[in-house]
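Report on the following structure.
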Number of protein chains: 2
Amino acid sequence: MEFLKATYLIETPLPVDDAAAVLAGEQSSGTFVSVPGETAELRERYAARVESVEPLEDVDSPSLPGCRAKGEAFHRAHVTIAWPAHNFGPNLPTILSTVGGNLFELSQLSGVKLLDLEFPESFGEHFRGPAHGVRGSRRATGVEGRPLIGTIIKPSVGLTPEDTAAMVKVLCDAGIDFIKDDELMANPPHSPFDKRVDAVMRVVNDHAEKTGKRVMMAFNITDERDEMCRHYNELVAQENTCAMVSLNSIGVVGVKEVCDWGMLVIHGHRNGWGMFNRCPTLGMGFAAYQKLWRLAGVDQLHVNGIANKFWEPDDSVVASIASCLAPMWGDDPLLPVVSSGQWGGQAFETYRRTQTTDLLYMAGGGIMAHPSGPAAGVRSLQQAWQAAIDGFTLEQAAKRYTEFGRAVEKFGRKP
Amino acid sequence: MEFLKATYLIETPLPVDDAAAVLAGEQSSGTFVSVPGETAELRERYAARVESVEPLEDVDSPSLPGCRAKGEAFHRAHVTIAWPAHNFGPNLPTILSTVGGNLFELSQLSGVKLLDLEFPESFGEHFRGPAHGVRGSRRATGVEGRPLIGTIIKPSVGLTPEDTAAMVKVLCDAGIDFIKDDELMANPPHSPFDKRVDAVMRVVNDHAEKTGKRVMMAFNITDERDEMCRHYNELVAQENTCAMVSLNSIGVVGVKEVCDWGMLVIHGHRNGWGMFNRCPTLGMGFAAYQKLWRLAGVDQLHVNGIANKFWEPDDSVVASIASCLAPMWGDDPLLPVVSSGQWGGQAFETYRRTQTTDLLYMAGGGIMAHPSGPAAGVRSLQQAWQAAIDGFTLEQAAKRYTEFGRAVEKFGRKP
């Protein structure tokens, strides 16, 4: 028998073994009394079982409201639950209901967070994983030996297709590898998708013809299903290599279908992720999250960045990058997308802590607001990464490279 | 100009007006520095604006980690943000990215929860809302003047199609209105969807032919898109009236497509909802949540129940029922599905507090584990609701009705 395993952080006033058993019961046979037809044999073959329990610290008060169990203290533990894989088969949304369903409602728990997943070997036959992950993204852009450098067209709202194409031209000329729409920009009346793609792809295709370098455009196709399909096909027809989707807003079924179409690199934006992860004792951790999106086939996934403008600590960002790049199955891992308040200044710490260049390194304001303009902004990022790889410090790099030096003057010595 | 409005609970050490402005900025033009091309005119026409700020209490310590702003105390407020509707148009996943995207990551906030939404009038032309809500569910089952009584086939795992059909026969004969699969039961090898539907629909169709009463079967079609489509068509071909989907596991794009097919009542299971809602200062409240699913076209939505087995307090359940039944657009509201540890005993308090019978009232163990068997279980629920509507107390009803009396003996005087 094959098993799907999920590891949780739980918090409970009950003995942690008992609470783990409640969780396993709820997520398999689950009702509040025994029912006719529920035999020992059925339980043996289909019930979820507690695989391991690792006690952690106690806390004095419950993290979440609504815990109805009583006890002297609230015990924390890591628990791993195992489900017979034949219960659901390779049905991605039902897998999600199994490992992330009603269990968050349990009144025996005062905290419950899904931390990690381990899939049965046979899932590899059904779920191919990222079709164009790290290696696919490098092949499509021709970038080797350094991170892909990317940017976001800003402002997010209000630009016409022609304004956008003009910015893309500047960025192409500056040597950018990747440009994405903002996640709030899909198909608004002031910049209809078709017109934006026409205008921008003329620039991208011209540039590719002249220079041999094809810039990857992550147009945001996030929409209802038939619109996504139409927009996807249009991107393929215009020789673009990528589409962007807002993962949480679309959901796993829509995202998996888009990935299954197979022709474009799928850039996964994780907006809304804070809702799942920012509470330390509820929701989902990134290790589990990125595995679910790998099953769906996502190629690139946002991980925030070092010294980001959001709430996330650097340690968490570093761990996220490592989990995207860890092998799962298929031969191509998920490309981590570093963004949020980034400019060249963070290249040094990012490289020091991750020791990888398998990144899509994104800067919005860090490129567009460079004091010498966007072209200098792109160059400053390339310079910073080259310097980081070559072992220079930020200060040394600022002296060595003009554009990066000017970025340091504007954005400060400390990222 | 039309606006989409969203109301949040925020918590912040900054003046609450400033924090609200940060939220509005992040969710429209959002970058950390001003960029070329961002004009006053563009901001006027496309930027989100703060509509209202209603200060609440202060708290001493931050609810969530990662707040980087400094202040003497953490101020709470309700804030309403308004977006020009032309920014996204009727694009449901992009609406979700707008009202529920990166804002949860803001380091200026130590708490942020989306509480409610107000859609522009014109959305009613694009989103029809529930096609078969309260009235559609009543029409399909022929039930008037009382709640629909439903149950879940248990155990969730291990039963063969024949076992399931035999249970359905007992329940049909007992006068049940509605039967659903468990959310963990989709298309497993031991009970393939096709065989289960064949075996069960023979029973349901026979019963309908003999008695004129068609029991509504919420078969769980939760799966990848093409499988959902195939299973949906099979249900239509076999004259079933309903399909069940795990909303959060599928996502809004998949769910909207299923609803748009239009022929079946869509029973929306909210498993995983605790992840969004159980933290008081993060995520999403039910009022906003049910509106998003109404936009997608969901007909029936789980709301938990009075004295449920989960963590949720009764007040929250009562508010959820009211929000499902409040008018939005279309002429048919969302049918609230009451479940979790329910038996006839909760009918009295449920009716007293909601004063409605527009409910699908579900009991699993409360029916299947009735001491005189499932048939008596169904009758005990019908009796309890009739007694509640007629103004009797639980004690009076227990004396008046044999099967309900036996339920009280087994499940206790207090739900």
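What you are looking at is a predicted structure, and each value in this text was computed from that prediction instead of being measured. Order of the sequence lines fixes the chain letters, A, B, ..., with proteins taken first and strands second; residue numbering starts at 1 for each chain.
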Nearest 0.5 Å, what's the [atom1]-[atom2] distance between [X] and [Y]?
X	Y	atom1	atom2	result
B:M275	A:F276	CE	CZ	5.5 Å
B:F310	A:L109	CZ	CG	11.0 Å
A:N271	B:L96	CG	CG	8.0 Å
B:E227	A:L92	CD	CG	13.0 Å
A:N248	B:N248	CG	CG	11.5 Å
A:S340	B:E105	OG	CD	8.0 Å

If you compare all heavy atoms of [X] against all heavy atoms of [Y], which two are closest, and at what distance to 0.1 Å?
X	Y	answer
A:P188	B:H86	CB-O, 3.6 Å
A:L184	B:Q27	CD1-O, 2.8 Å
B:F104	A:W311	O-CD1, 4.3 Å

Under a 4.5 Å heavy-atom cut-off, does chain B meet the side chain of [X], its backbone, both or neither?
X	result
A:I250	both
A:R68	side chain
A:P90	backbone
A:S191	neither
A:E257	side chain
A:M228	side chain

Partner chain B: residue of [options] with the largest heavy-atom pair count (under 4.5 Å):
options	answer
A:D223, A:N277, A:T281, A:I95	A:D223
A:R278, A:M284, A:R45, A:R225	A:R278
A:V245, A:L292, A:D226, A:N308	A:N308
A:C67, A:G251, A:G101	A:G101
A:L106, A:V255, A:T98	A:L106
A:G254, A:S63, A:G283	A:G283

Subject >> Engaged part of B:D260 at the chain A interface, taking heavy atoms whose separation is under 4.5 Å >> reply: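 For B:D260, the contact with chain A is made by the side chain alone.
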**OP:** Please state whether the side chain, the backbone, both or neither of B:W83 comes within less than 4.5 Å of a heavy atom of chain A.
**Re:**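 Neither; nothing under 4.5 Å.
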At a heavy-atom distance under 4.5 Å, which candidate from [options] has the highest pair count against chain A?
options	result
B:G274, B:S249, B:G66	B:S249
B:G89, B:P280, B:P65	B:P65
B:P93, B:P84, B:G272	B:P93

Original post:
Are any non-hydrogen side-chain atoms of B:K309 and A:N102 less than 4.5 angstrom apart?
Top reply: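 Not touching, per the 4.5 Å side-chain cut-off.
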